[in-house]
2 protein chains.
Amino acid sequence: MVILIMRKKLLIILLILPALVKAENGYDLWLRYKKISNNSLLDQYKKQITSPVVLGSSQTITIIKTELTQAFSGLTGISYKISSALEKSSAFIAGTVSTSTVISSIITKEELGRIDNEGFIIKTRPGKTIITAKTDIGVMYGIFHFLRLMQTQQSLVDLNIISTPKIKVRILNHWDNLNRTVERGYAGFSIWDWHKLPDLIDKRYVDYARANASIGINSTVLTNVNANAVVLTEPYLEKVKALADLFRPYGIKVYLTARFSAPIEIGKLKTADPVNDTVQLWWKQKVKEVYEMIPDFGGFLVKANSEGQPGPQDYKRTHADGANMLADAVAPFNGIIMWRAFVYSSASNDRFKQAYEEFKPLDGKFRKNVLVQVKNGPIDFQPREPFSPLFGAMAQTPLMMEFQLTQEYLGQGTHLVFEAPLFKEVLHADTYSKGKGSTVTKVIDGSLNDFSLNGIAGVSNIGNDINWCGHPFAQANWYALGRLCWDYNLSSEQIADEWIKQTFTNDPLFVQPVKKIMLQSREALVNYMTPLGLTHIMYNGHHYGPMPWGNTLNRPDWNPVYYHKADAAGVGFDRTAKGTNALAQYAIEVQNEFNDINKCPDEYLLWFHHAAWDHKMHSGRTLWDELCYRYNSGVDSVRAFIKQWYSLKKYIDEDRFKQIDQLLNIQLKDAIWWRNACLLYFQTFSNMPIPPQYEKPGRTLEYYQNIRILYAPGN
Amino acid sequence: MVILIMRKKLLIILLILPALVKAENGYDLWLRYKKISNNSLLDQYKKQITSPVVLGSSQTITIIKTELTQAFSGLTGISYKISSALEKSSAFIAGTVSTSTVISSIITKEELGRIDNEGFIIKTRPGKTIITAKTDIGVMYGIFHFLRLMQTQQSLVDLNIISTPKIKVRILNHWDNLNRTVERGYAGFSIWDWHKLPDLIDKRYVDYARANASIGINSTVLTNVNANAVVLTEPYLEKVKALADLFRPYGIKVYLTARFSAPIEIGKLKTADPVNDTVQLWWKQKVKEVYEMIPDFGGFLVKANSEGQPGPQDYKRTHADGANMLADAVAPFNGIIMWRAFVYSSASNDRFKQAYEEFKPLDGKFRKNVLVQVKNGPIDFQPREPFSPLFGAMAQTPLMMEFQLTQEYLGQGTHLVFEAPLFKEVLHADTYSKGKGSTVTKVIDGSLNDFSLNGIAGVSNIGNDINWCGHPFAQANWYALGRLCWDYNLSSEQIADEWIKQTFTNDPLFVQPVKKIMLQSREALVNYMTPLGLTHIMYNGHHYGPMPWGNTLNRPDWNPVYYHKADAAGVGFDRTAKGTNALAQYAIEVQNEFNDINKCPDEYLLWFHHAAWDHKMHSGRTLWDELCYRYNSGVDSVRAFIKQWYSLKKYIDEDRFKQIDQLLNIQLKDAIWWRNACLLYFQTFSNMPIPPQYEKPGRTLEYYQNIRILYAPGN
């Protein structure tokens, strides 16, 4: 920066560093507010936000002002003060419609009718920019939308944006334990420092709330679904209250997981039977205690009778009995229960079928304030799954979606995998439950079966790593969840575009190639891990790395061999009528899509068929050759990502560049490990050669079988 | 910042933010390199560092240049490039004496003789600043010293500094587990991300090395003393090597903990008996493997036959047998063994006496490359302990000091306690082992008993919290350890002064009062926790909070009642000849200091005497009244700290101000909890009233006895 100082008619020129080029550590996420590099745009922005004013007096309004001060100053390089009183010069005006006639006069009744309490309207006219809503929270969402437009260097001329969220409960599920370990967490310790709460309000809590508010997330479950009743005791509720009080003005409600046996563990009762009067009373009193402390408490998320968790079946009651008891307790306070359908304890011959078998008979038996929370696929967050058949099978029950942001089966903390394409693939899937067009989206948003309560959950990938998510690109999955919850019609490409521009730079020479990497990344991972519908062949327990040979755990459906069923004849799980007939859980149109081994899309082949090694694929290759092709193609993709990334060095800060470069190289190492281990293993069944155009595995199968990853995170 | 721009003879005035006032998060520790606020000093500095040049070509020289570029630019606000070639204009010249006659010509042989390979010489003459040493590492230490002078705004005129470290092994002990939990860690997860090593070199590792180098720490034990043999397997040694390679140019050697039973656990042997040939061979081969990967590997730290750890006594061998076997294995590579004396498994009637009883008979039986590592006191890092009697009892064995930076018994992650006064109190203590003046310092530095090998260890308080140490003031203890290892003659006041100026600001209106808080903080803690020589009355297990009534653990010496022995007659542990006679482990002069209940310093009274409740203290008060006075005085001190801190708001950034303010309030809450719980409990024995001038406990003893801190960190 050149500074000229006039002193006694002498012009003194000083060269000053524009502050040291501050290394970026990722802490600021997509809210970096760096100065706009496009000067003509910057000039236009400056004119448009002259004398900004924000009307209102709530805590939310204070938060908006702080955010705007920081954002406008950062984005323009000029100091801003946000006024509280309208003046003639005010070119930027934010506030609810009731705060000023200047606002209400340019918003029509019809327009207002199109937004709910969280929606917002942005209108720009020459000399006036108006951001308004029915509530201060709505105004806040409008402000963050406006700042996103600035950060991504969009035109702000003639804006006429009317936006309201498509999903009501936009929620993170933290699998965080009270001792600060995080189940399936790959970004350090839990950000919840329970020991110091409620007395220490970590700055992270504020920035967590800001980040969520900026992408529309309005709910958070603080605790692990493998639940601990201690969080429901008074000292811990004081801690929860501190967080709830902090999050409230950001529009974020707090939820907890309820351990079903809490009445025994902390209530000193002899039973947790949901039809027992004393148990019901205990929960009612506990819930009352919670709401006295946290009047807008959201409710409970429950994992019951799943993987060792207690539940109503312990007392020969149903999931509905259990959910309804809790639902009755929270109903007087407008609370909700999110009851997970992730169960597989029944004696079925196919884990795929178990959630359906347990829940389908309960359709229509849940209270109105119960959402049944269903994982996107029938098994468990695999790189690719068909949609869960429950989505087409519960017309009388509002279902909510559970996505997993933390990449348990997607390379965990070290692989770059952008999940928006996975999310959208599931949402786009057609259940045909009420004819063509009965998409999962319409099930989830309630429009198909006429429910007003709806939600999408993302299992959090947040920890206390400086950059929140461990892998810098993992932030994009958190971002994508929020944006898609608000508007599931956004494309993966648009979300990636926004995120890259805000997180790194608007330079198209960086944005375009990085977007391409992101959009290809999920398919690359499918290819080098589980192509063609292979499933759950990860290492036991920690799930890091390949273990298709795994066959030592007590439950068959915990073992990889259960899922791929490779033998001399072929590979894959026959779920047609000749097999477990899991396909029958889908509508006939879906069955038809998958049922014929020759028509089934390659991506799902081994999900539904035990295909011969020489089965002819759509490419014309044999199954074995296609498997070799896909595994190698996955590896090649990662090689290409690395080459591309390396060419982008000059566009961003050194620290993040280096970190991502190193992580991509781990991803390549892992991709090769996956390819070699899996091809060598499956080759013992196919007895076919790896075609000569592909790299040969450098080690023996035995070598890969002897690899032990000890102390993998999140386990 | 006001910027004036001349455009077509029009003067345009722009108000520009001097970059957003960037919130400080503590990550930069004492290496913030903020611009010098004193303008005349700044002008002088700028002249003095004109055309800086650093001579040499090692990795260390590259590191120096990077550090200087960042530091000079930050401190002056002017961009600097560090040259590699001397020019006439070079006013600032750094390099070893052999790099240039410009350097060697102004250093005398006598001066050079006064420094070792790590020492440095700084000379400033008009127009020339010279920083030199025998090695590049020495130059690096000189550079960091020089930068410290600039950061603390010292005059750089006529410097003639010749400095060489007083202690050779200046070492951190990380009690970090391979799963990233940290035993007694209060700052998050371990910074060692073993899972991603060796492929991901976290930026933290670099900044860890910089921070240690800047304060002279030259060694680090990466793993917990409660050791895991897995770190000695090949995949983990690859990870260790990656860190060792990174740390080497910063002058830092890597060490590991050796699990004594490793030959069984990872070597598949049937025994770990140290006199067994196969065991000895196994260790020799393992050590050879380590040194092939890490040629400058430091050696092993061992906790054996202590708190369940395996050791030579499992085979009826002595600590010397165990240590010597390992010492023989590392000796060919110049490695050392640090063998901990923290043992208390013998059948003695007093835990105080046990380390002495086990180790005294072994004096003279250890190999030359063994250091016996002794905790500062005879018990376990209490707020105040008399020095360990071992320091006066092992004339034929080099002893190294073990201090604990992590505040296991000092309020853990939430109390402000500056430990330098504690460290210095121990170092100053006189063992009288060779007559008056036989201080612990002289034992430790080897001068008393003529050993050249010497060391001081600090149990690390570092974790992956953004600010490294959890509590912002905990950084000062890390800093103090390094500075005292280099020069134990530095006063606590000087260390605090340096640290505050570098960490916060040079403004004396801030520095003076904060220094006062720091210097009083340890005594305040002693008063509100364990005044007058009370010991180990913390909560079982996690050690957070008071539990003087604790009496439920199997081993008597794990129970608080063992340590205070309160009864109707009085309180305290009689260690005179009438009691356990632990005093006999000291020289007669020390015995005389403590032996007479009427002369024993108040601070140590209950360490050595069971004193009557109405025992007359030096203040004239009864013991009971003095106890009430001390507990209340501790609380009052914290109240004063809070008041003082609050008055300093304007001097520093908001985030750290707030965080410390909240932590001080937790400290006050805890201090009151300690006072009330302890006075109410001891009152059940004394049956005396709390004098009316003091606050009455607001709750009953039962209330305090029912407090349960679940999921306390570090446990």
Side-chain angles (χ1 to χ4, degrees), chain A residues 1-6 11 15-20 22-23 25 27 33 70 73-74 77-79 177-181 186 188-189 193-196 199-204 230 233 235-236 412-414 463-466 544 655 658-659 662-663 665-666 669 707-713 715, chain B residues 1-6 11 14-20 22-23 25 27 33 70 73-74 77-79 177-181 186 188-189 193-196 199-204 230 233 235-236 412-414 463-466 544 655 658-659 662-663 665-666 669 708-713 715:
Chain A
M1 183 188 296
V2 178
I3 300 195
L4 311 176
I5 297 178
M6 295 295 296
L11 190 65
L15 251 181
I16 299 232
L17 278 189
L20 283 177
K22 188 76 184 172
N25 59 20
Y27 181 86
Y33 303 135
Q70 190 186 341
S73 305
I78 301 174
S79 177
N177 299 312
L178 299 184
N179 66 2
R180 292 191 72 184
T181 57
Y186 312 108
F189 242 16
D193 189 348
W194 293 108
H195 180 65
K196 300 199 191 89
D199 299 304
L200 187 92
I201 300 300
D202 194 299
K203 182 164 182 290
R204 266 207 193 259
V230 167
T233 61
Y236 275 81
Q412 303 190 356
T414 48
N464 81 332
D465 273 0
I466 292 180
Y544 195 90
D655 289 341
K658 264 196 197 164
Q659 186 186 10
Q662 293 181 73
L663 287 166
N665 278 289
I666 295 178
K669 207 163 140 179
I707 292 178
R708 295 285 176 281
I709 301 290
L710 300 169
Y711 313 109
N715 194 15
Chain B
M1 184 188 297
V2 178
I3 299 196
L4 311 177
I5 297 177
M6 294 296 294
L11 190 63
L14 288 180
L15 251 180
I16 300 231
L17 280 186
L20 282 177
K22 188 75 185 173
N25 59 21
Y27 181 86
Y33 302 136
Q70 189 187 339
S73 304
I78 300 175
S79 177
N177 299 312
L178 300 184
N179 67 1
R180 294 191 69 184
T181 57
Y186 312 107
F189 243 16
D193 188 349
W194 293 108
H195 180 65
K196 300 202 191 86
D199 300 303
L200 187 92
I201 301 299
D202 195 299
K203 182 163 182 290
R204 265 205 194 262
V230 167
T233 62
Y236 275 81
Q412 302 190 356
T414 49
N464 81 332
D465 274 359
I466 293 180
Y544 195 90
D655 289 341
K658 266 195 196 164
Q659 186 186 10
Q662 293 180 73
L663 287 166
N665 278 289
I666 294 177
K669 207 162 139 178
R708 295 286 176 278
I709 301 291
L710 300 169
Y711 312 110
N715 193 16

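Quick note: numbers below take in every heavy atom, side chains included, and nothing from hydrogens, waters or symmetry partners. Each chain gets a letter, A, B and so on, in the order the sequences are listed, and its residues count up from 1.
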With no hydrogens and no angle check, do the side chains of A:Asn665 and B:Asp199 hold a donor and an acceptor under 3.5 Å apart? no
Please classify the contact of [X] with chain A as side chain, backbone, both or neither, using a heavy-atom distance under 4.5 Å.
X        : result
B:Ile201 : both
B:Lys196 : both
B:Leu200 : both
B:Arg204 : side chain
B:Asn715 : neither

Tell me whether the rings of B:Phe189 and A:Phe189 are parallel (<30°), tilted (30 to 60°) or perpendicular (>60°). tilted
Can you tell me which of B:Ile466, B:Leu178, B:Asp193, B:Asn179 forms the most heavy-atom pairs within a distance under 4.5 Å of chain A? B:Leu178
Okay, A:Leu710 and chain B: the region with an atom under 4.5 Å from a heavy atom over there is both
Taking side chain as everything from C-beta outward and backbone as N, CA, C, O, which of these in A:Lys669 sits under 4.5 Å from a heavy atom of chain B? Side chain, backbone, both or neither. side chain
Could you check whether any side-chain heavy atom of A:Tyr236 comes within less than 4.5 Å of a side-chain heavy atom of B:Tyr711, counting everything from C-beta outward? yes
Between CG of A:Asp202 and CD of B:Gln662, what distance do you get to the nearest 0.5 Å? 9.0 Å
